[in-house]
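Start at 1 and go down the list; that is how both ligands and their atoms are numbered. Residue numbers start at 1 and run along the sequence shown.
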Amino acid sequence: MANLPFVNPATGEQFGQIVMATDEDIKQAHKELRLNFEVWRRKSVADRVRILRLLQEVIIDSVDEISAVLNQDTGKSRQDGLIEVMMVVDRMHHYYRNAESWLQRRRVPPGLYIFRQYYTEPHPFGVVAVIGPWNYPFDLCMSPVLSALLAGNTVILKPSEVTAATGALLEKLFQRVPELAPYVRVLHGDGTVGAAIVESSPDLVFLTGSTATGKKIAEATAKTLTPFLYELGGKDPMLVLEHADVKAAAKWGVWGAFYNTGQTCMGVERVYAVEVVYDEFVTAVLAETEKLKMGYSPALDNPNHMGPLTFERQVKIVREQLGDAIAKGANVLTGGKIDGLFMEPTIVVDVDHSMKLMREETFGPILPIMKVKDETEAIWLANDNEYGLSACVWSNDMRQAKRAAHRLQVGSVNINDAISHYPVSELPFGGVKQSGNARTHGREEVMQFTHLRSYAIGWPPLPFDLATQMRYPGRYKLGKAILRLAFGVTPRQRVQPIVEVVESVKKAEVKPNVGKWAAVLGGLAGVTAVLFGLFRFRK
Ligand code: NAD
């Protein structure tokens, strides 16, 4: 049986290992979770919330253990580990308060078909496979698992092989809540285990990972049309416009670029600064970058801003992109040195869109800054990319900032800050283009783990119901009259049926009773028109 080692990227020390799941484990997990799904889905939302709150309690009690494992597993500081826990618990708190209202049945107005009742009810999919990344391995595994469970699904979680110790810890945390344990299984392994889970016909797959993996899973799920939700890579632009607070933009732009050693999906990956502020901005960025400390410490009060890259693959990517940029004329103003998995925060200028550094996801501590003429060029270049995760715009002229934000092709925009939109539990986060189709946070995160079932309820067809009448042949004229009365756009279209009735009575030359019949029909048409008007209004 193959093992996954736990490796501290800062020291290279191996501090444990775990057995990878086999095909038999995957089969067995499916079998159990499918059976247990029938039990979990039948629990009321309130009961599911009660059980998931027990997990919240366990997580809060285990915060020191979690931050210690994250520190060893990724090299990030204990404080950054705590932030991951805080984001998850904040979200849980918010979701648990709202879940009953989100997941309830909703009445649907009947429109023309007034003799029956209609409603929709969110239903869970069944067994959901959640596949997680290594950059925020606690938050990005826990959050979709909890949302899927809350919605009534059972879950197979496959954490990243790169942060296998966090995967093992997640499993322990679930097992500490015996009432929850039967409904979630953690299967450890690399991409081959992930691929085998996808092939094993789960009812929905949720991936947080790279766009390359997203494309592979999209191909695999297309064979069975299994629903697939994905949160993928980004190349998030930062726009520094002429009315920006340049010092603030430099300070928080640097933070947004180098937080988590640049390994944040919505971190600042490229900057477009308009020429009137460019020089001042670059000077301020260099001053801020000088202040950053790099290093590893397991202590609670770690003074370092940046730790190591999490594994060797990231070093290869940053080396390759930096080399390509330098070969094409870019200049490194500070940083650039790599020692093991530690890389200095690096500022690069004289960049353009022929360079990989400006087009491909870097996911490391390099910040390229490009001088642009104006807002229009900045927006055009920001959109000139296959990714569309998020962006930030810096300008104290709010009209300008919002105008630019509106024109960006991304899932979220932060005005005058970076990354800080992500932790807000009620604000949906996710990408467009090749960055994703899923959403985390808010009602949208929970509801995407459900499908809507629609119900139409009533007694067997009643003769006076329009839905019954239109089943019989010979109702063309009735249908046409209703079409006009109910949906006519202009008054002319709406009164046409009445005019037609009056005209047909005239043609029949039923002289003695014309007035009486016209009054009766007109009255009936009027009442019908009012009724239809009311139903339209209710819609
Ligand atoms: P990755 O794609 O290499 O791996 C993600 C997960 O997919 C891992 O668990 C891996 O084992 C699994 N996997 C790999 N191949 C697979 C296959 N063929 N079938 C099934 N599963 C497979 O991504 P990563 O390097 O772990 O994470 C970094 C990437 O994630 C970056 O691109 C980053 O931008 C992205 N990310 C996106 C978000 C977001 O919210 N949009 C958040 C965090 C990270």
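- Contact analysis leaves Q263 out of contact with ligand 1, as no non-hydrogen atom separation drops below 4.0 angstrom.
- A distance below 6.0 Å separates the ring centres of H441 and Y422.
- Within the structure, ligand 1 has L207 among the residues with a heavy atom less than 4.0 angstrom away.
- Scanning the protein heavy atoms around atom 41 (N) of ligand 1, the nearest turns out to be L232 O, 2.7 Å.
- Of the polar atoms of K216, none of the N or O atoms is found under 3.5 Å from an N or O of ligand 1, judged by distance alone.
- Inclusion of N135 in the set of residues having an N or O under 3.5 Å from an N or O of ligand 1 is not warranted.
- A side-chain contact (heavy atoms from CB on, under 4.5 Å) with M266 is found for exactly one of N414, I419, V410, namely I419.
- By the ring-ring contact (aromatic ring centres under 6.0 Å, His included) test, H93 is found to be paired with no residue, residues two or more places apart in sequence or in another chain being considered.
- Heavy-atom proximity to S160, at under 4.0 Å, picks out these atoms of ligand 1: 9 (O).
- Of all atoms in ligand 1, numbered sequentially from 1 with element shown, those under 4.0 Å from a heavy atom of D190 are 11 (O).
- Across H441, E361, R439, heavy-atom proximity to atom 32 (O) of ligand 1 is greatest for E361.
- With no hydrogens or angles considered, no side-chain donor-acceptor pair links Q434 and T211 at under 3.5 Å.
- One finds a salt bridge joining E320 and K356 here, because a Lys/Arg side-chain nitrogen approaches an Asp/Glu carboxylate oxygen to under 4.0 Å.
- No N or O atom of S435 sits closer than 3.5 Å to an N or O atom of ligand 1.
- The distance from atom CD1 of I415 to atom NE2 of H421, rounded to the nearest 0.5 Å, is 11.5 Å.
- For Y272 and H353, the ring centers sit closer than 6.0 Å to each other.
- When only modelled atom types and interatomic distance are considered, T450 and H123 share no side-chain donor-acceptor pair under 3.5 Å.
- Applying the 4.0 Å criterion to heavy atoms of G191 picks out, from ligand 1, the atoms 11 (O), 13 (N), 14 (C), 15 (N), 16 (C), 17 (C), 19 (N), 22 (C).
- Contacts with ligand 1 closer than 4.0 Å are made by no heavy atom of M266, backbone or side chain.
- The option with the heavy atom closest to atom 29 (C) of ligand 1, from among G189, P133, G209, P144, is G209.
- Near I217, with a cut-off below 4.0 Å to any heavy atom, the atoms of ligand 1 are 19 (N), 20 (C), 21 (N).
- A ring-centre distance under 6.0 Å is not found for H305 and F258.
- An N or O contact shorter than 3.5 Å links G132 to ligand 1 by distance.
- Of the heavy atoms in Y136, none comes closer than 4.0 Å to ligand 1.
- The distance between the ring centers of F228 and Y230 falls below 6.0 angstrom.
- No hydrogens or angles considered: a donor-acceptor pair under 3.5 Å links the side chains of S420 and D417.
- Geometrically, ligand 1 and E161 share a nitrogen or oxygen pair separated by less than 3.5 Å.
- For ligand 1, the polar-atom distance check against T211 finds no nitrogen or oxygen pair separated by under 3.5 Å.
- Between the side chains of N36 and T154, not a single donor N or O lies within less than 3.5 Å of an accepting N or O.
- Compare S210, S143, P159, A195 by their heavy atoms: the one nearest to atom 1 (P) of ligand 1 is in S210.
- The contact set between ligand 1 and L140, taken as ligand atoms under 4.0 Å from a residue heavy atom, comprises 42 (C), 43 (C).
- The closest non-hydrogen atom to atom 4 (O) of ligand 1, taken over V193, L157, T213, comes from T213.
- Taking the six-membered ring for Trp and the full ring otherwise, the centers of Y96 and W102 sit at least 6.0 Å from each other.
- In summary, the atoms of ligand 1 found under 4.0 Å from a heavy atom of L389, numbered by their order in the structure, are 41 (N).
- Each of the following atoms of ligand 1 lies closer than 4.0 Å to a heavy atom of F429: 40 (O).
- For ligand 1, the atoms closer than 4.0 angstrom to any heavy atom of G194 are 19 (N), 20 (C), 21 (N).
- With sequence neighbours left out, W40 forms a ring-ring contact (aromatic ring centres under 6.0 Å, His included) with Y183.
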